[in-house]
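Residue numbers count from 1 along this sequence. When a ligand or atom number is given, it counts from 1 through the structure's own listing order. Note that these values count all heavy atoms, side chains included, but never hydrogens, waters or copies made by symmetry.
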Amino acid sequence: MKKNILITGGAGFIGSHVVRLFVNQYPDYQIINLDALTYAGNLENLRDIADKPNYTFEKADICDIEAVERIFAQYRPEGVIHLAAESHVDRSITDPLSFVRTNVLGTVNLLNAFKNIWKGNFEGKRFYHVSTDEVFGSLGETGFFTESTPYDPQSPYSASKASSDHFVRAYANTYHMPVVISNCSNNYGPNHFPEKLIPLVIHNIKNRKPIPVYGKGDNVRDWLYVIDHARAIDVIFHQGNLGETYNIGGLNEKQNIEVVRTLCRIMDEKLGRQPGESEQLISFVTDRPGHDHRYAIDASKLTGTLPWKPSVTFEEGIEKTVVWYLENEEWLNNVTSGEYLKYYETMYSGR
Ligand code: NAD
Ligand code: DAU
């Protein structure tokens, strides 16, 4: 009998890399991808594995209790990897409630569904909650987030993710649920939705549009290539200790302006433009309200206790990323035009 593993948010940026890795690496698992296909969900991300026999897609909203209960009753997943979320900080500032709904209520629905099917018989089961370093708040010029850094979320997005982390721990404490949590730094790489900094800058440079840099561009993010995050999720899901938290990061702190200038340089080379041409598109704009200054992850617990380390440097990863976007013009055009929203109808009409 195949083991059923339910992955939520598998049509999104990170989720699609996790689904692909699990489908390809574990033929003995049946991978069920549960995703509502919001604006951020794109099944084209999974075109290459959509027909594999160990892959199943279920279109459902994690806030829809009936749908979640039906899916849990049908598949009885022994493992859950929960990535579905509203993920964009800027959107959380204009519409906080949708973040509370999906990130808090949706997570609690999944916890309840998992608890209700296994009824305390949690032997061999695991609920893995994928979270973010933003729950720890903002750092000054020095220091790192460790697993014991107190939570201090500063945006509606990070407050909703912090709340979901608390619920996951509360379910472990109260109902002895077998949970594991990871908190990762900023990801980048293929299939990143072009509302986020790196794909947005690539898109704007390509189309000679202004590059909006918030404030002075001196905020610092700690970047990790998305496939390395997916590899870490695989290792933690299989070998992480239950009840524990792992920070994930690649020690790649960069100021935003440095990331933007790097992208300008690589794109000038790849597009055959004059050196310095794309930098002229940089436009300093009004800062994000409550903008966290700096994130930096201490991932030594993960690297010291489990077999994981990043496979690429930032320089290698950012080059691969630019190449991917230039080679996948259709993906980017479909996302920016909204055309990708039709993919589900084409692939799954009649379901
Ligand atoms: P994303 O926005 O690209 O994808 C989110 C996915 O969840 C989409 O496929 C969307 O359709 C789905 N979804 C949203 N609401 C849903 C709902 N109510 N029901 C079912 N599905 C729903 O997000 P991402 O960047 O891939 O992030 C995935 C997870 O990783 C999130 O939990 C996020 O907090 C976390 N995370 C992201 C980063 C990062 O840099 N992107 C870093 C650390 C942690
Ligand atoms: O740290 C992990 C988090 O990283 C994840 O939990 C979030 O889901 C993910 O979206 C990301 O959050 P950020 O807010 O750091 O990512 P974003 O790409 O939106 O912004 C990165 C930095 O770039 C941030 O300091 C804001 C700045 N920025 C962003 C955009 C979109 C700009 O200067 N201009 C922009 O147009």
Side-chain angles (χ1 to χ4, degrees), residues 7-19 33-43 45-46 58-64 67-68 81-93 98-99 101-103 105-107 109-110 129-136 138 145 153 155 157-158 160-161 164-165 182-189 191-201 203-204 210-224 226 229-230 233 247-249 254-257 259-260 282-288 291-297 344:
I7 299 180
T8 72
F13 167 46
I14 302 169
S16 60
H17 290 278
V18 175
V19 166
N33 173 13
L34 186 170
D35 198 298
L37 299 183
T38 68
Y39 80 94
N42 183 354
L43 286 178
N45 295 348
L46 294 167
E58 285 283 352
K59 183 173 188 297
D61 184 335
I62 57 170
C63 301
D64 178 344
V68 168
I81 306 177
H82 173 36
L83 295 110
E86 289 293 340
S87 68
H88 189 37
V89 174
D90 291 333
R91 285 180 190 255
S92 83
I93 294 167
S98 61
F99 284 67
R101 181 181 176 274
T102 287
N103 300 358
L105 290 180
T107 300
N109 270 344
L110 293 170
H129 178 59
V130 175
S131 191
T132 169
D133 61 356
E134 299 201 11
V135 298
F136 300 121
S138 179
F145 297 133
S155 73
Y157 163 68
S158 53
S160 69
K161 290 295 292 187
S164 65
D165 293 11
S182 59
N183 297 84
C184 188
S185 62
N186 284 63
N187 285 214
Y188 69 100
N191 306 104
H192 205 180
F193 197 84
E195 64 185 350
K196 310 280 170 62
L197 179 70
I198 288 180
L200 183 138
V201 171
H203 179 252
N204 286 16
I211 302 169
V213 175
Y214 298 165
K216 295 193 202 120
D218 59 357
N219 302 70
V220 175
R221 296 293 181 267
D222 185 357
W223 295 97
L224 182 70
V226 64
H229 188 188
I233 289 174
N247 279 359
I248 311 175
K254 308 275 172 214
Q255 286 195 338
N256 292 338
I257 190 67
V259 172
V260 170
I282 293 174
S283 164
F284 291 93
V285 299
T286 308
D287 209 352
R288 172 185 279 173
H291 197 170
D292 286 343
H293 177 62
R294 172 175 167 256
Y295 307 141
I297 279 277
Y344 174 77

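- When only non-hydrogen protein atoms are considered, atom 3 (O) of ligand 1 lies nearest to Phe13 N, 3.1 Å.
- Residue Asp133 has at least one nitrogen or oxygen atom sitting less than 3.5 Å from a nitrogen or oxygen atom of ligand 2, judged on distance alone.
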Report the C-alpha separation of Arg221 and Asp292 in whole Å, then their side-chain angles, then the decisive distance to 0.1 Å, and conclude whether the side chain to side chain contact (heavy atoms under 4.5 Å, CB included) test is met. CA-CA 9 Å; Arg221 296 293 181 267; Asp292 286 343; 4.0 Å; yes
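- Using a 4.0 Å cut-off between heavy atoms, Leu197 contacts ligand 2 through both its backbone and its side chain.
- Using a 4.0 Å cut-off between heavy atoms, Tyr157 contacts ligand 1 through its side chain alone, with no backbone atom that close.
- Atom CZ in Phe13 sits 9.5 Å away from atom NE2 in His229 (nearest 0.5 Å).
- Arg294 CZ to Gln255 CD: the interatomic distance, rounded to the nearest 0.5 Å, is 11.0 Å.
- Per-residue contacts place Val130 under 4.0 angstrom from the following atoms of ligand 1 (heavy atoms of the residue considered): 30 (O), 32 (O).
- Residues Tyr157 and Phe99 are in side-chain contact: their nearest non-hydrogen atoms beyond the backbone lie under 4.5 Å apart.
- Among protein heavy atoms, atom 40 (O) of ligand 1 sits closest to Asn187 N, 2.9 Å.
- Among protein heavy atoms, atom 11 (C) of ligand 2 sits closest to Asn186 ND2, 3.4 Å.
- For atom 3 (C) of ligand 2, the closest non-hydrogen atom of the protein is Glu134 OE2, 2.9 Å.
- A side-chain donor-acceptor contact under 3.5 Å links Tyr39 and Arg91.
- Looking from atom 43 (C) of ligand 1 to the surrounding protein, the closest heavy atom is Cys184 O, 3.3 Å.
- Taking a cut-off of under 4.0 Å to the non-hydrogen atoms of Pro212, the atoms of ligand 2 that pass are 32 (C), 33 (O), 34 (N), 35 (C), 36 (O).
- Residue Leu200 has no nitrogen or oxygen atom sitting less than 3.5 Å from a nitrogen or oxygen atom of ligand 2, judged on distance alone.
- In Asn256, the part holding a heavy atom less than 4.0 Å from any atom of ligand 2 is the side chain.
- Atoms of ligand 2 lying under 4.0 Å from at least one heavy atom of Tyr157, given by number and element, are 5 (C), 6 (O), 7 (C), 8 (O).
- Side chain to side chain, Thr107 and His129 fail the donor-acceptor criterion of an N or O pair below 3.5 Å.
- The residue Lys161 has no part lying near ligand 2, judged by heavy-atom distances below 4.0 Å.
- The closest side-chain heavy-atom distance from Asn45 to Val19 is not below 4.5 Å.
- At under 3.5 Å, a nitrogen or oxygen of Ser87, whether backbone or side chain, sits near a nitrogen or oxygen of ligand 2.
- Interface atoms of ligand 2 facing Val213, defined by a heavy-atom separation under 4.0 Å, are 33 (O).
- Some N or O of Tyr214 is nearer than 3.5 Å to an N or O of ligand 2, by distance alone.
- The contact set between ligand 1 and Lys161, taken as ligand atoms under 4.0 Å from a residue heavy atom, comprises 31 (C), 32 (O), 33 (C), 34 (O).
- Side chains of Val135 and Asn183 form a contact here, defined as non-hydrogen atoms less than 4.5 Å apart.
- In terms of protein heavy-atom proximity, atom 22 (C) of ligand 1 is closest to Ala84 CB, 3.8 Å.
- Inclusion of Ile62 in the set of residues having an N or O under 3.5 Å from an N or O of ligand 1 is warranted.
- Of all protein heavy atoms, the one closest to atom 42 (C) of ligand 1 is Ser185 O, 3.3 Å.
- Using a 30° and 60° split on the angle between ring planes, Phe145 and Tyr295 fall in the tilted class, from 30° to 60°.
- Taking a cut-off of under 4.0 Å to the non-hydrogen atoms of Ser131, the atoms of ligand 1 that pass are 43 (C), 44 (C).
- Put simply, CG on Asn256 and CD1 on Ile211 are 12.5 Å apart, with the number rounded to the nearest 0.5 Å.
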Verdict with reasoning, Asp35 to Leu43, per side chain to side chain contact (heavy atoms under 4.5 Å, CB included): CA-CA 10 Å; Asp35 198 298; Leu43 286 178; over 6 Å; no
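- Residue contact check: Asp61 has heavy atoms under 4.0 Å from atoms 17 (C), 18 (N), 19 (N) of ligand 1.
- Atom CG of Leu197 and atom CH2 of Trp223 lie 5.0 Å apart (nearest 0.5 Å).
- An N or O contact shorter than 3.5 Å links Thr132 to ligand 2 by distance.
- Between the side chains of Asn103 and Ser160, at least one donor N or O sits under 3.5 Å from an acceptor N or O.
- With ligand atoms numbered from 1 in the order given, ligand 1 contributes 11 (O) to contacts under 4.0 Å with heavy atoms of Leu37.
- Within ligand 2, the atoms closer than 4.0 Å to a non-hydrogen atom of Arg221 are 15 (O), 24 (C), 25 (O), numbered from 1 in the order shown.
- The closest side-chain heavy-atom distance from Ile297 to Leu224 is not below 4.5 Å.
- Close approach of ligand 1 to Ala60 is summarised as follows: ligand atoms under 4.0 Å from at least one heavy atom of the residue are 19 (N), 20 (C).
- No side-chain heavy atom of Asn247 sits less than 4.5 Å from a side-chain heavy atom of Asp133.
- Expressed to the nearest 0.5 Å, how far CG of Asn186 lies from NZ of Lys254 amounts to 13.0 Å.
- Of all the atoms in ligand 2, the ones that sit under 4.0 Å from a non-hydrogen atom of His291 are 24 (C), 25 (O), 26 (C).
- Regarding atom 1 (P) of ligand 1, its nearest protein heavy-atom neighbour is Ser87 OG, 3.6 Å.
- From the protein, the heavy atom lying nearest to atom 20 (O) of ligand 2 is Arg288 NH2, 3.9 Å.
- Side-chain contact of Ser131 with Asp165: a donor-acceptor pair under 3.5 Å is present, judged by distance alone.
- Each of the following atoms of ligand 1 lies closer than 4.0 Å to a heavy atom of Asn186: 40 (O).
- Polar contact with ligand 1: present for Ala36 (N/O pair, distance under 3.5 Å).
- Counting only heavy atoms of the protein, atom 9 (O) of ligand 1 lies nearest to Asp35 OD2, 2.6 Å.
- Close contacts of ligand 2 with His88, meaning ligand atoms under 4.0 Å from a residue heavy atom, involve 19 (O).
- Of all atoms in ligand 2, listed by their number and element, those nearer than 4.0 Å to a heavy atom of Glu195 are 31 (C).
- Between His82 and Thr8, the side chains place a donor N or O and an acceptor N or O closer than 3.5 Å (distance only, hydrogens not considered).
- Under a 4.0 Å criterion applied to the non-hydrogen atoms of Val89, ligand 2 contributes the atoms 14 (O).
- In this structure, atom 36 (N) of ligand 1 lies nearest to the protein heavy atom Ile14 CD1, 3.9 Å.
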I would like to know whether Asn219 and Arg288 meet side chain to side chain contact (heavy atoms under 4.5 Å, CB included); could you show each step before the answer? CA-CA 11 Å; Asn219 302 70; Arg288 172 185 279 173; over 6 Å; no
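- Nearest-heavy-atom check against atom 6 (C) of ligand 1 across Ser160, Gly9, Ser182 picks out Gly9.
- If you number the atoms of ligand 1 from 1 as listed, the ones under 4.0 Å from a heavy atom of Thr102 come out as 15 (N), 16 (C), 18 (N).
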